[in-house]
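Reading through the structure tokens given below for one structure.
A note on names: the letters A, B, ... follow the listed sequences, proteins ahead of strands, and every chain is numbered from 1. Every value quoted in this text rests on a predicted model; they were computed, and no experiment measured them. Heavy-atom basis, side chains included; hydrogens, waters and symmetry copies ignored.
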Amino acid sequence: MNILVCVKQVPDTTEIKIDPHSNTLIRTGVPSILNPFDAYALEMAVRLKEKNGGTVTAISMGPEQAKNVLKECLSVGADQAFLVSDRIFGGSDTLATSYILSAAICKLGEFDVIFCGKQAIDGDTAQVGPELAEHLDIAQVTYVVEVEATDRILTVLREIDERYEKIETQIPTLLTVNKTAFEPRYPTVKSKLTANRTTINTITSADLDLDLTRIGLKGSPTKVKKTFVPVQRKKGLRIMENSGRQSAIRLVEVLLDAKII
Amino acid sequence: MHTFENYKHIWIFIECQAGTPKKVGLELLSPGRELANKCGEKLIAVIIGENTQQIAKDAISYGADEAIAVTGKAYHSYSTDAYSHALTTLVEKYKPSVLLLGATGNGRDLAPRIACRLKTGLTADCTALAMDEESGNVAWTRPAFGGNLMATISCPDCRPQIGTVRPGVFRCAEYDRSRTGTVIEEDIPIEPYFIRTKVLEIIQSMSKEEVNLEEAKVIVSGGRGLGDPKNFVIIQQLADVFGGAVGSSRAAVDAGWISHAHQVGQTGKTVQPQLYIACGISGAIQHVAGMSSADTIIAINKDPDAPIFKVADYGVVGDLFEIIPVFIEEIRRLHETL
Amino acid sequence: MNYLMTDEQKELQAMVREFVAKELTPVSMEYDKKGGFPSAVWKKAVEMGLHILSVPEEHGGSGLNTETYVILNEEIARGDAGFAVSLGACHLATWPAILGGTKEQIHLYYDTLVTGKMMAFCLTEAEAGSDASACRTTAKKVGDEYIIDGAKCFITNGGLAELYTVFAVTDKEAGTRGISAFIVERNRPGVSIGKEEDKMGIRLSNTTEVIFQNVKIPAANLIGKEGQGYKLALMTLDRTRAIGSSSAIGIAQAAIDLSLAYAKERVTFGKPLSKNQAIQFMLADMEIQTQAARLLVRNSARLMDQGIINGRMSAAAKTFAGDNAVKVALDAIQIFGGYGYSREYPVEKLLRDAKIYQIFEGTNQIQRMIVSGHLLRV
């Protein structure tokens, strides 16, 4: 099977702090990581490869330093990796990004299954996956937590809202992956060393035949008008009476007062 | 500057399941109504599925001026291909200025697909909407960076402007049975081979009595502090007293104490209840990212330094096994006196 | 902690650090209390390749140099020194063959190691500790076999090993030149495991008696020539001394990390401990000495990578690292105060683990003999 995994390097949003003076995000010093949902997607892809044979290709659109997460992918089962990068891609929203990615993917060849994480933890939009599937005109299933493949048939388990759906689809399909029951594997010392020695090729706009009106800021229908830090919660009320019982009673009192119950 | 004179009216996509509308669609009629009033245009509900006539009536009672209904065997249950085909066909025919969808699993599956097909802008998980009457541009406000940052987005050059909104962000308007409006039935045939996915089976991850986390008004969550999976019983009891849902931290899910369907947090569900009660949960940032939009947060933990107390409006330091039973008792007493 | 490390070393260090934090540290105290060996963690470590870091690539290993190896070993010991010892003892066992054995023997060791099986270095006996020449285990040549008789004690991995490197007397009259090194497979009849040591520290590591009763091994299991055993043992220790002491750095670092976290949190007299200069100075001294120890160890490793076996440097590194680990662990307990004395807190274990680094692989007294010996010889 020819498997593709789309990954993104994101800031570790759990480490982000807010500058109290300027009321802006402090982005320096925040470690960059492989988007957690992409890590699950990659693990699912590698397991599929191990079961059904084939190759796993990792691809990412981002700046040069995104090669670090591609290296990580190579150390946990991806066979090859590509970076899609060019200054003129900057400012692309999800529509423009998915357009560029789809062009790069078409250049690389035909894929049986394309895996994406369900969303990136910086943008949190969950849009690039389905938009990519639309550009490529292939079927999509979102929120996948399990996948099996037999010949050209894929059977997936989709986890949404308060239920699971067992869905059948055919190759080629794009799957967006939610947190799986299994954790992504550790790299091994050998796989890390091999990954370091593997070349990651960069695909630039010169390699693709792009409609320039559809990329970058120009190609992005959504525009960011402003950003702001949300109002922080006021300091809460601490209740610690002499006994659990008294604390509970006091809690009900204050909640009644505040008309919360 | 673009003028989109031929793009008019505010559309709300009402997602349905087995002939019942998902609450979020009806909730969105409220902000939709405001947008429509502001630009002097109509609020139109779009329903695809089964039992569409009844749902259309409900939508009108909740504020819609009109409804468009699509039904047919191909649309009885959700599929990306069928629904994206129907919705884009409708959009291309009627040219709405704004389209809102609920950010449910299917909503987030459908919206980007059609936004791409229509080559327009989509803003996901909005928490606030505003309208500039002159330009007809909607200002969509949404969280990014795990909720650490808010962004206001607009889509000035493309139509329709599409946005998704999570359940519970807006509240349904008053149900007004006296409201009337036209219901247009649209027949949109689709070849079966066009639908590339097939639902083989649906497995409920929660029993029918259990409340859907994403729609719940009250959520009581348990974490590692419970010590034992069977102690989720008291979490359920506390949730029952409020008619709420049971949630969980990742630690309890990873320990196998409760299913992933209940997990609140970065790799679980993002919720926005009116009341969130965290019991025995330390408050790791990944968990807080999933619940910080709750109106009121109560935390019960025996560790006074637990990070959860930084986000809690009411922090009770103590043994949850002593506190929760009394809390339940007190609430029950209050219910009786009412 | 970024010395002059290459990017690859930093990446590997980060990878091992993450693994240790997730898989080893969480079970460390549990195994310290109840005993036993965490074979599940061993299996995962083997999957990652932590058991064959320095094994040459052509033998299936990762071929990392000594400097990288000590960087990674420090990380492992930071999680649990006993686990690091278990890994290290396997390498100890392979060295005599690498130094003086045949190609087949080297293959045997590496092939066994690569699969994740363990091995043990059997030198110490009840009457032969620092004075290894007082070895009493015998190896009698009979036809084209040797018969091994004797008992070894304090053998790391004794109860778990597949292969033993055993030092035995082939010629009683020849003193140290009468000791030879042998390969003894676990499944040879007559090999049995005696009592397991109830140790003060590194309790996660399996330390036992190994008893050889009339154990027949083929003559091909002799490593090198008869009489070379003692020399092979000393050469081995010259090479492993500094590497092993990187574990002592790991212990010291763990002690510093725990002390820092505690000092920032613990409030006394209305302010965190860390606001007190006395504590600040203690932390500073712990840090200064550990940095110095680390550099001694890394330097020894670098020398080895240049092909230089400097017994004096490695003895200095081992002595300093071991003494430092004990001192830093003591200081950590002091910073924790009463809680430091409690077995419910992880810090007293560090002292119990650290102490062995002044004793095994040549006591720090022997090390001082080596250093002064080198100094006075010239």
Side-chain angles (χ1 to χ4, degrees), chain A residues 11 13-14 16 18 25 36 93-95 98 121-127 130-131 133-135 139-143 155 159-170 179 221-230 233 236-240 243-245 247-249 251-252 254-255 260-261, chain B residues 80 104-106 108-109 112-113 115-117 120-125 139 143-146 148-158 196-206 212 214 260-261 266-267 275 285-286 296 309 311-319 322-323 326-327 330-331:
Chain A
T13 57
T14 60
I16 280 188
I18 292 155
L25 286 187
D93 71 356
T94 60
L95 187 65
S98 53
I121 62 172
D122 54 359
D124 285 324
T125 65
Q127 286 169 214
E131 290 183 340
E134 174 66 16
H135 284 295
Q140 77 190 39
V141 185
T142 52
Y143 301 98
T155 314
E159 183 188 30
I160 58 163
D161 306 336
E162 74 303 335
R163 64 191 187 277
Y164 289 96
E165 296 178 348
K166 202 160 167 205
I167 298 186
E168 187 185 277
T169 179
Q170 275 206 36
K179 177 177 177 328
T222 58
K223 318 264 182 225
V224 179
K225 297 263 96 171
K226 71 170 190 207
T227 59
F228 57 96
V229 167
R233 294 188 95 94
L237 178 71
R238 181 70 63 107
I239 297 170
M240 190 159 84
S243 72
R245 160 166 275 278
S247 293
I249 292 172
L251 174 66
V252 174
V254 300
L255 291 177
I260 293 178
I261 53 176
Chain B
T80 314
T104 58
N106 286 337
R108 297 170 107 228
D109 182 287
R113 192 96 198 199
C116 186
R117 193 169 302 174
T120 185
L122 165 63
T123 311
D125 293 352
F145 289 95
N148 281 303
L149 189 71
M150 302 300 286
T152 301
I153 316 281
S154 80
C155 177
D157 304 326
C158 298
R196 294 172 285 197
T197 58
K198 185 165 80 183
V199 179
L200 299 175
E201 202 187 332
I202 294 184
I203 307 150
Q204 295 296 336
S205 54
M206 294 191 196
N212 184 343
E214 282 163 324
H260 181 240
Q266 196 187 63
T267 51
L275 179 61
I285 299 179
Q286 293 89 334
T296 305
F309 288 122
V311 296
D313 299 299
Y314 301 92
V316 188
V317 181
D319 184 345
E322 284 178 25
I323 294 167
V326 177
F327 191 21
E330 290 294 302
I331 305 279

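Taking chain A as the reference chain and counting heavy-atom pairs below 4.5 Å, the highest number among B:I331, B:I202, B:V316 is found for B:V316. Taking A:V254, A:D124, A:I160 one by one and counting their heavy-atom pairs under 4.5 Å with chain B, the maximum is reached by A:D124. Per-residue counts of heavy-atom pairs under 4.5 Å with chain A were compared for B:R113, B:E322, B:E201, B:K198; the largest is that of B:R113. In terms of heavy-atom pairs under 4.5 Å with chain B, the best-connected choice from A:T169, A:V252, A:L251 is A:L251. Interface check for chain A: of the options B:T80, B:D109, B:T296, the most heavy-atom pairs under 4.5 Å are formed by B:D109. Interface check for chain B: of the options A:E165, A:H135, A:E159, the most heavy-atom pairs under 4.5 Å are formed by A:E159. Per-residue counts of heavy-atom pairs under 4.5 Å with chain A were compared for B:I323, B:T152, B:N106; the largest is that of B:T152. Comparing B:A115, B:C116, B:G121 by how many heavy-atom pairs each has under 4.5 Å with chain A, the most go to B:C116. Ranked by non-hydrogen atom pairs under 4.5 Å with chain A, the options B:A124, B:S154, B:G318, B:C155 are led by B:S154.
Of the two parts of A:I260, only the side chain, counted from C-beta on, holds a non-hydrogen atom closer than 4.5 Å to a non-hydrogen atom of chain B. For B:D125, the part lying near chain A is the side chain, with the backbone staying farther off; criterion is any non-hydrogen pair under 4.5 Å. Heavy-atom distances place both the backbone and the side chain of B:L122 under 4.5 Å from chain A. Only the side chain of A:Y143 has a heavy atom closer than 4.5 Å to any heavy atom of chain B.
Using a distance-only test at 3.5 Å, with no hydrogens or angles considered, no donor-acceptor pair links the side chain of B:E330 to the main chain of A:I249.
The line from CD1 of B:I153 to OG1 of A:T222 is 6.0 Å long, rounded to the nearest 0.5 Å. For the atom pair CZ of B:R108 and OG1 of A:T142, the computed distance is 9.0 Å after rounding to the nearest 0.5 Å. Between the CZ atom in A:R163 and the CD1 atom in B:I203 there is a gap of 11.5 Å [rounded to 0.5 Å].
Of the N and O atoms on the side chains of B:T104 and A:D161, not one donor lies less than 3.5 Å from an acceptor on the other residue.
Taking 4.5 Å as the limit, some side-chain heavy atom of B:F327 sits within range of a side-chain heavy atom of A:L255.
Counting non-hydrogen atoms of neighbouring residues, nucleotides and ligands closer than 6.0 angstrom, the NZ atom of A:K223 exceeds 12 such neighbours.
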